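First comes the structure, then the notes that go with it.
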There are 2 protein chains.
Amino acid sequence: MDVRTICLGILTRGDATGYEIKKTVEEDGHRHFAEASFGSIYPALNRLTEEGLVSVRAEAQEKRPDRKVHTITRAGRRAFVASLMEPLPEDRHRSPFVFAMLFADLLPKDHVSRMLGAYIAHTEEKLSRLQQADAKPRREGERFADGLVTAAYAAVLDYLRIQRAKIETTAAQAAE
Amino acid sequence: MDVRTICLGILTRGDATGYEIKKTVEEDGHRHFAEASFGSIYPALNRLTEEGLVSVRAEAQEKRPDRKVHTITRAGRRAFVASLMEPLPEDRHRSPFVFAMLFADLLPKDHVSRMLGAYIAHTEEKLSRLQQADAKPRREGERFADGLVTAAYAAVLDYLRIQRAKIETTAAQAAE
DNA sequence: GTTTGCATGTAAACGGTTACATGATTGG
DNA sequence: CCAATCATGTAACCGTTTACATGCAAAC
């Protein structure tokens, strides 16, 4: 999803500054399937404002840049819903880790082992944060999304734990 | 993974033209976690050649551009292994579908239903092609990667089938 | 005392995609 | 007859990341 649409979506849930949008995208409810950096959020918000899909009010602050609080307009809401209604781009998944595992036979065994360990730990951590998030009440859409991501991660973890030994055996035994 | 590294990796399995590399990346063994287009493969291959990580021999063909068959060099192999040994970039997953589900409450119920149906069908298709691929013998790394992707898709499908009704209920009942 | 949080923005660079150009052959 | 396969390449464009600029306050 492009940053434009991400911004609009987050603003349907309430007013926000660019800074707050960034924080929201980094939360577990979003970060597993969407991304946006400052460098793309701020220009997107300005363009959206020019186009009348968003309005801004500046809140003055001392010794700090003004907070620019953005509100989605009625036109913005319409545009957002319309963009969700037209054919969605396909999912895109990139995993350097899985790609690397394709070539386990070319890598030293202990390195493969470390990669697996790190990836498993990393996935466990994501899972446990998702499960914490599951406690507090959320909109149904968020519950659904978190649940889906949780199911996927849990399945991957299961697989990794069971198959780990087998792929490690494939690795080159010694070597540089 | 950048296209450079993808090209090198595929070439460790045998000589290939840019065209063949593209085809390989599009196969089930790769496409679920790596991508590359012609516009990035051809320049990458040329740069790799300049750098001495790859060598080329042109095979003349009538009425068609020469096949430029690329072979990875010893330096190329070393560079490839080295790139897999240094800290891997994180996985990146983008799912416009899951993002859209976050806002199911803003969309007409029948549209949400269609989106779910399409996504489920799409995932089923991926799964069945992976399971077919599972029949023919492959390198252990490929078996591992396919298995992992299969496990993830299967879990997602399960979740979708069970939760579908619940998220549909969340959708706005009527109209645009 | 250093890191983190708050808060905005720009410019350059990067990596990649899309569309185009070219064109024969084979299969449906 | 049209679509797909084979085969390479370029140029324009696009969205994004990275680094920079600025700077106080609070927490550790």
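As the structure is a prediction and not an experimental result, all values here were calculated from the model.
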Output yes when at least one side-chain N/O atom of [X] is less than 4.0 Å from OP1 or OP2 of [N], else no.
{"X": "B:S40", "N": "C:dT17", "answer": "yes"}
{"X": "A:T17", "N": "C:dC6", "answer": "no"}
{"X": "B:Y42", "N": "D:dG9", "answer": "no"}

Exercise for the section: Sequence neighbours left out, what pairs pass ring pair (Phe, Tyr, Trp, His ring centres under 6.0 Å) with at least one residue falling in residues 5-26 of chain B? Expected result: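 Non-adjacent pairs meeting ring pair (Phe, Tyr, Trp, His ring centres under 6.0 Å): B:Y19-B:F38.
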
Separation of [N] [atom2] from [X] [atom1] (nearest whole Å):
{"X": "A:R67", "N": "C:dG5", "atom1": "CZ", "atom2": "P", "result": "16 Å"}
{"X": "A:I41", "N": "C:dT10", "atom1": "CD1", "atom2": "P", "result": "14 Å"}
{"X": "A:K68", "N": "C:dT10", "atom1": "NZ", "atom2": "C1'", "result": "13 Å"}
{"X": "A:M1", "N": "D:dG15", "atom1": "CE", "atom2": "P", "result": "14 Å"}
{"X": "B:K22", "N": "D:dG9", "atom1": "NZ", "atom2": "C1'", "result": "14 Å"}
{"X": "A:E26", "N": "C:dC6", "atom1": "CD", "atom2": "P", "result": "11 Å"}
{"X": "B:F38", "N": "D:dT5", "atom1": "CZ", "atom2": "P", "result": "11 Å"}
{"X": "B:D66", "N": "D:dC6", "atom1": "CG", "atom2": "C1'", "result": "13 Å"}

Practice task
Name the residue closer to the 5' end of DNA chain D, choosing between A:V3 and B:K23 according to the nucleotide with the nearest heavy atom.
Solution key: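 It is B:K23 whose nearest nucleotide is closer to the 5' end.
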
Exercise for the section: Would you mind checking if B:R143 and B:D134 are paired as a salt bridge, meaning a charged N to carboxylate O distance below 4.0 Å? Expected result: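 No, no charged N to carboxylate O under 4.0 Å.
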
Handout entry: Per A:Y19 side chain, nearest of listed nucleotides C:dG5, D:dT5, C:dT10
Key =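 So the nucleotide nearest the side chain must be C:dG5.
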
Practice task
Please determine, for the side chain of B:R94, which listed nucleotide (C:dG16, C:dT10, D:dT17) has the closest atom?
Solution key: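 Taking heavy atoms from C-beta onward, the closest nucleotide is D:dT17.
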
Handout entry: Partner residues of B:R77 under the side chain to side chain donor-acceptor pair (under 3.5 Å) criterion, sequence neighbours left out
Key =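 Testing B:R77 for side chain to side chain donor-acceptor pair (under 3.5 Å), a comparison that skips the adjacent residues, returns none.
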
Exercise for the section: Using atom types as modelled and distance alone, determine if a side-chain donor or acceptor of B:R92 lies under 3.5 Å from a backbone N or O of B:E90. Expected result: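 Answer holds: no.
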
Practice task
Would you classify A:G39 as touching base, sugar-phosphate or nothing, given that sugar-phosphate means primed atoms plus P, OP1 and OP2, and contacts are heavy atoms under 4.0 Å?
Solution key: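 A:G39: base contact, heavy atoms under 4.0 Å.
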
Exercise for the section: Ignoring hydrogens and angles, state whether a donor on the side chain of B:T170 or B:D105 is under 3.5 Å from an acceptor on the partner side chain. Expected result: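 Looking only at side-chain atoms, B:D105 and B:T170 do not form any donor-acceptor pair under 3.5 Å.
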
